[in-house]
Amino acid sequence: MILLNPRKHVRQYSDTRSRDIMLKTIEFFERKGLSSIKDDDHKRIWYREYLDFVKENQIFATLLTPSKYSADPDARWDTYRNCEFNEIIAFYGLAYWYTWQVSILGLGPIWMSSNEGIKRDAAKALKEGGIFAFGLSERAHGADVYSTEMTLTPKGHGKYVANGEKYYIGNGNEAAMVSTFGKIAGTGEYAFFVANFKRPEYELRKNVCDSQNYVANYALHDYPVTDAEILVRGEDALYTALNTVNVGKYNLGWASIGICTHAFYEAINHAANRVLYGMHVTDFPHVRQMFTDAYCRLVAMKLVALRASDYQRTASIDDRRYLLYNPVVKMKVTSQGEDVITLLWDVIAAKGFEKDTYFEMAARDIRALPRLEGTVHVNIALIVKFMTNYFLNPGQFPEVGKIMHTRSDDFLFNQGPARGLGKIRFHDYGPVFDRFDIPSVKIFQEQIEVFKQFLLTATPDDEQTKDIDFLMSLGEIFTLVVYGQLILEEARLEGLEADLIDQIFDFMVRDFSRHALELHGKQSATQKQAEYCLKMIRRAAVDKRRYGNIWTNHVLALNGAYVMNE
Ligand SMILES: Cc1cc2nc3c(=O)[nH]c(=O)nc-3n(C[C@H](O)[C@H](O)[C@H](O)COP(=O)(O)OP(=O)(O)OC[C@H]3O[C@@H](n4cnc5c(N)ncnc54)[C@H](O)[C@@H]3O)c2cc1C
């Protein structure tokens, strides 16, 4: 059973404490019940009850403290179990995930810095139930962090005053430490420092969003800072911001997976038990198709995110493949999540608006994930930097297996300068596909081959490589290839049924064709490129038996598998 089902949480963990955290969290939410979660959501209630539970059970302290900074033998930064926790909390509500996520972002610059005093303070604050915040964004500058206006003015003897404003900063209302990004006056040198919301010079202006989360607009007015509160400065401060987002952005994929899984259970329970014109809604052929597509897309999302965890855990200064796989998770898994919710919503229609459902929240929240912490565009612009080496210059790497064992993933806080992306090498994707003698996988492989020929013989010219609109379409196809590679690698590790892989590649072939058609229609594409695009358009393998098997034994079988406690 690949999808999370809180009623049968039988995952493998490398230690009992990890299992205990997951089971306790499930129990907390099931005891709270859906109606209480929905009531808090509608009334925009700050999740004090949840944060008290987290504190009492030392959950963030165990999951978010690298082992070096804790006396607790179970404390470590373990990507695998953090994925699990991500998925579970988003399954119950994105708000519970968000306060954890922005704590991870806030802790990024702290654990990455060489300021040992602040690190010890952060570990202590985690033990005391503290949450954290990441003060990067400014109202006027969006993704353009180079234009940051928050300023630290030196006053001599290692003292400064900070002035400026931050916007959209989650947990900015009560974070134990707000990691704030700014520039040193005069030199323009970047710096990260920690701010304390309790000081009088910290003005909490407002919650920018109307939600349970506190997405703060705060201002610092002659806020005193000492060298002891500075985490990092210079170019390294910029790399720290980028490296923190490299790690954090991956979690958004898991939030989408958690949301879609819960929404899927609600949708199938509703449709399979609703009778119209004397038949079940799930008897309509188009409903079966939508559910099968939603299911396969969701399973694929999970396979990709699981596999990307292994590459994050084995990452080193010589193996930075995660820098491609993480934005793929961020951009592709989250946009697939939107597609899954749309498919399910098309089936359950009016039900998805009802205030008592989880779905009503899911339909709203799923849209946040492709758009925040870097839009799809920003991530595709990043992803295309890897395309040449991925296709044309593979490197040799030892095979990476499934990494579930106990280890603290400390490289994530020591990633080095976030540059040289175009030089990163990847293992050859070809053999990954060759291992599968599955009809739709073979067709997908043929589409890849045409795309490779496109790159080799109708290579985008200088003007096209500067045209972000053109690159977006190209990047969608490239991303799909990487997505397919990660799906197959994880499918092999999980021993996924061949029929399910074939059904997943049914939508993969269709999506490849859709993106090829999009690229074909670009005004900026040449005639030769357009011809290649048409050759990429293919039909997936037709197999009624396979489709029937997936529908009956995977999709409809989930009817009644999970209903949340009221
Ligand atoms: C609920 C919520 C919570 C948030 N939490 C935090 C937080 O805790 N901490 C924090 O620091 N920030 C946070 N943010 C800010 C968030 O990450 C912003 O999305 C970010 O600052 C970018 O700004 P923007 O969304 O206004 O888009 P803009 O940067 O204004 O982008 C406008 C358009 O330009 C495109 N674009 C921009 N740059 C590029 C590029 N290089 N290549 C291609 N296209 C590009 C974008 O795709 C977009 O379509 C949060 C925002 C919200 C709404």
Side-chain angles (χ1 to χ4, degrees), residues 41 44 90 93-110 131-150 164-182 190 192-195 197 204 206-220 237-238 240-249 251-252 255 327 330-331 334-335 361 364-385 418 421 465-476 479:
D41 176 61
R44 313 298 193 228
L94 191 68
Y96 307 107
W97 172 88
Y98 181 73
T99 189
W100 143 270
Q101 167 68 1
V102 288
S103 291
I104 287 179
L105 293 173
L107 285 164
I110 294 172
I131 51 174
F132 292 77
F134 185 59
L136 182 66
S137 296
E138 295 186 359
R139 187 176 198 170
H141 306 303
D144 176 14
V145 294
Y146 306 100
S147 301
T148 294
E149 286 184 76
M150 173 67 72
E165 206 183 322
K166 292 283 172 183
Y167 208 74
Y168 298 126
I169 311 306
N171 289 350
N173 56 329
E174 62 167 67
M177 292 176 185
V178 182
S179 298
T180 302
F181 186 71
Y190 297 114
F192 251 116
F193 61 98
V194 288
F197 79 99
L204 183 63
K206 65 172 176 182
N207 187 348
V208 178
C209 297
D210 182 17
S211 75
Q212 275 187 274
N213 300 312
Y214 201 104
V215 185
N217 171 207
Y218 68 88
L220 302 182
L238 183 65
T240 292
L242 300 174
N243 287 338
T244 297
V245 175
N246 282 342
V247 175
K249 65 167 56 166
N251 294 338
L252 280 85
K330 162 66 183 78
M331 164 259 156
T334 62
S335 26
M361 247 175 7
R364 176 197 63 206
D365 292 340
I366 199 71
R367 297 167 151 206
L369 299 155
R371 292 173 182 85
L372 299 179
E373 270 181 61
T375 55
V376 171
H377 320 136
V378 169
N379 280 289
I380 293 194
L382 174 65
I383 284 167
V384 291
K385 295 192 171 134
L421 301 186
T465 53
K466 288 188 200 112
D467 174 356
I468 299 189
D469 182 46
F470 181 85
L471 283 185
M472 289 297 135
S473 289
L474 204 68
E476 285 280 8
T479 304

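Whatever order the structure lists them in is the order used to number ligands and atoms, beginning at 1.
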- Query: Side chain of Asn171, backbone of Phe132: donor and acceptor closer than 3.5 Å?
  - Reply: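 Indeed, once roles are kept as given, a pair shorter than 3.5 Å links the two residues.
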
- Task: Measure from the side-chain N and O atoms of Asn207 to the backbone N and O of Ala216, and report whether any donor-acceptor pair falls under 3.5 Å.
- Result: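 Checked: no pair found.
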
Using a 4.0 Å cutoff against the non-hydrogen atoms of [X], which atoms of ligand 1 qualify?
X: Thr375; value: 46 (C), 47 (O)
X: Glu373; value: 17 (O)
X: Gly170; value: 7 (C), 8 (O)
X: Leu136; value: 11 (O)
X: Ile169; value: 7 (C), 8 (O), 9 (N), 10 (C), 11 (O)
X: Val102; value: 8 (O)
X: Val215; value: 2 (C), 3 (C)

- Message: Counting only nitrogen or oxygen atoms and a 3.5 angstrom limit, does Phe134 reach ligand 1?
- Response: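 Yes, Phe134 has an N/O under 3.5 Å of an N/O on ligand 1.
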
- Message: Considering both backbone and side-chain atoms of His141, is one of its nitrogen or oxygen atoms within less than 3.5 Å of a nitrogen or oxygen in ligand 1?
- Response: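 His141 vs ligand 1: no N/O contact under 3.5 Å.
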
- Query: If you measure from atom 21 (O) of ligand 1 to every heavy atom of Ser137, Ala381, Ser103, which option wins on shortest distance?
  - Reply: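 Result: the heavy atom closest to atom 21 (O) of ligand 1 is in Ser137.
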
- Message: Given Val245, Leu372, Leu471, Val376, identify the one with the heavy atom nearest to atom 2 (C) of ligand 1.
- Response: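 Nearest option to atom 2 (C) of ligand 1, by heavy atoms: Leu372.
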
For [atom], what's the nearest protein heavy-atom neighbour? Residue, atom name and distance, please.
atom: atom 29 (O) of ligand 1; answer: Ala143 N, 2.6 Å
atom: atom 36 (N) of ligand 1; answer: Val378 CG2, 4.0 Å
atom: atom 23 (O) of ligand 1; answer: Gly142 CA, 3.2 Å
atom: atom 35 (C) of ligand 1; answer: His377 ND1, 4.3 Å
atom: atom 13 (C) of ligand 1; answer: Tyr168 O, 2.8 Å

Any protein heavy-atom neighbour for [atom] (distance below 4.0 angstrom)?
atom: atom 31 (O) of ligand 1; result: no
atom: atom 44 (N) of ligand 1; result: yes
atom: atom 25 (O) of ligand 1; result: no

Decide yes or no for [X] and [Y]: does some side-chain heavy atom of the first lie under 4.5 Å from some side-chain heavy atom of the second?
X: Lys249; Y: Leu382; value: yes
X: Arg44; Y: Asp210; value: yes
X: Tyr146; Y: Leu238; value: yes
X: Leu94; Y: Leu369; value: yes
X: Glu149; Y: Arg139; value: no
X: Phe181; Y: Met150; value: no

- Message: Any donor-acceptor pair under 3.5 Å linking the side-chain atoms of Ser211 with those of Tyr98?
- Response: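 No, because no side-chain N or O of Tyr98 sits under 3.5 Å from a partner of the opposite role on Ser211.
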
- Have a look at ligand 1 and work out which part of Tyr98, if any, has a heavy atom under 4.0 Å from it: side chain, backbone, both or neither.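 Looking at Tyr98 and ligand 1, just side chain atoms fall under 4.0 Å.
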
- Should we count CZ of Arg367 as having more than 12 external heavy atoms under 6.0 Å?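 Open.
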
- Among Glu373, Lys330, Gln101, which residue meets the side chain to side chain donor-acceptor pair (under 3.5 Å) test with Asn251?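 In the set Glu373, Lys330, Gln101, the residue that makes a side chain to side chain donor-acceptor pair (under 3.5 Å) with Asn251 is Gln101.
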
- Pick from Lys206, Glu138, Glu165: which one makes a side chain to side chain donor-acceptor pair (under 3.5 Å) with Asn217?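 Per the side chain to side chain donor-acceptor pair (under 3.5 Å) rule, the option paired with Asn217 is Glu165, out of Lys206, Glu138, Glu165.
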
